[in-house]
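Below is one structure, written out as structure tokens, with a few remarks after it.
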Amino acid sequence: MTSNQPYLLRAFFDWIVDNNLTPYIVVDATRQHVEVPQEFVKDGQIVLNVSPSACVNFSLDNELLAFQARFGGQPRRLSIPCHAILAIYARENGAGTVFASEEELSSPAEPEEKPQIQDAEEASVETQQKPPKKGKPTLKVIK
């Protein structure tokens, strides 16, 4: 199955622009085939304004984001594989998304331990020893 990341990237880009906000992307500049101005890279990442007013010849397909932009008054050609884009968000309010890395998606989840089967007497003793939980139910975020 193909990655959904380029489709989500396009959707968030269109949504941000349609709402008259400024789309910014966070790029992992250490990935192969990433062509960005290295003098602006900090901690292996670069944040780029990809609004229509800041970019020329903007092209986004399932494999690559490419455009021209000015850095320090000098026009530069940028080329970024979609898998190197870590996030897209609106500068004004932070609305957007962070993309899961390929390593996170491809790593198998740790198998859960299967509950041990116990006889009815042991189970009833354990349930009697634990006091019932009181209070409001809560949800826990698991990543």
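The backbone N or O of H83 sits less than 3.5 Å from a side-chain atom of R31, completing a donor-acceptor pair. Side chain of N93 to main chain of A95: a donor-acceptor pair is present (N/O by atom type, distance under 3.5 Å, no hydrogens or angles). Panel note: side chain D43, backbone Q45; no donor-acceptor pair is recorded below 3.5 Å.
Annotation: side chain of L64 is not in contact with side chain of H33 (no heavy-atom distance under 4.5 Å). For the pair F13/L65, no side-chain contact is recorded, criterion being any heavy-atom separation below 4.5 Å from C-beta on. Put simply, the side chain of I88 reaches to within 4.5 Å of the side chain of T97, judged on heavy atoms. I80 places a side-chain heavy atom less than 4.5 Å from the side chain of I25. At a threshold of 4.5 Å between non-hydrogen side-chain atoms, the residues P75 and Q68 do not count as touching. Residues I46 and V34 are not in side-chain contact: their nearest non-hydrogen atoms beyond the backbone lie 4.5 Å or more apart. Looking at heavy atoms from C-beta onward, L60 lies out of side-chain contact with V50 at the 4.5 angstrom threshold.
Connection of Y7 to F58 is not established within any shared hydrophobic cluster, with ILVMFWY side chains joined at heavy-atom distances below 4.5 Å, either directly or through further cluster members. Hydrophobic cluster membership differs between L78 and V56, with clusters built from Ile, Leu, Val, Met, Phe, Trp and Tyr side chains linked at under 4.5 angstrom.
Among D14, V17, L9, the one residue that satisfies the side-chain contact (heavy atoms from CB on, under 4.5 Å) test with P23 is V17.
Of the inter-residue distances, the one linking L48 atom CG with I85 atom CD1 reads 9.0 Å to the nearest 0.5 angstrom. Distance SG/C82 to CG/D61: 6.5 Å, rounded to 0.5 Å. From F67, atom CZ reaches atom CG of N49 across 8.5 Å, with rounding to the nearest 0.5 Å.
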Let me see the working for R10 and N62 under side chain to side chain contact (heavy atoms under 4.5 Å, CB included), right down to the final yes or no. CA-CA 9 Å; R10 267 194 304 277; N62 289 348; 2.9 Å; yes
Check step by step if side chain to side chain contact (heavy atoms under 4.5 Å, CB included) holds for N20 and E92. CA-CA 10 Å; N20 296 316; E92 293 81 359; over 6 Å; no
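Using bins of under 30°, 30° to 60° and over 60° for the plane-to-plane angle, the ring pair Y24/Y89 lands in the tilted bin.
Within 6.0 Å of atom CD in Q32, 12 or fewer heavy atoms from other residues, nucleotides or ligands are found, so the atom counts as exposed in its surroundings.
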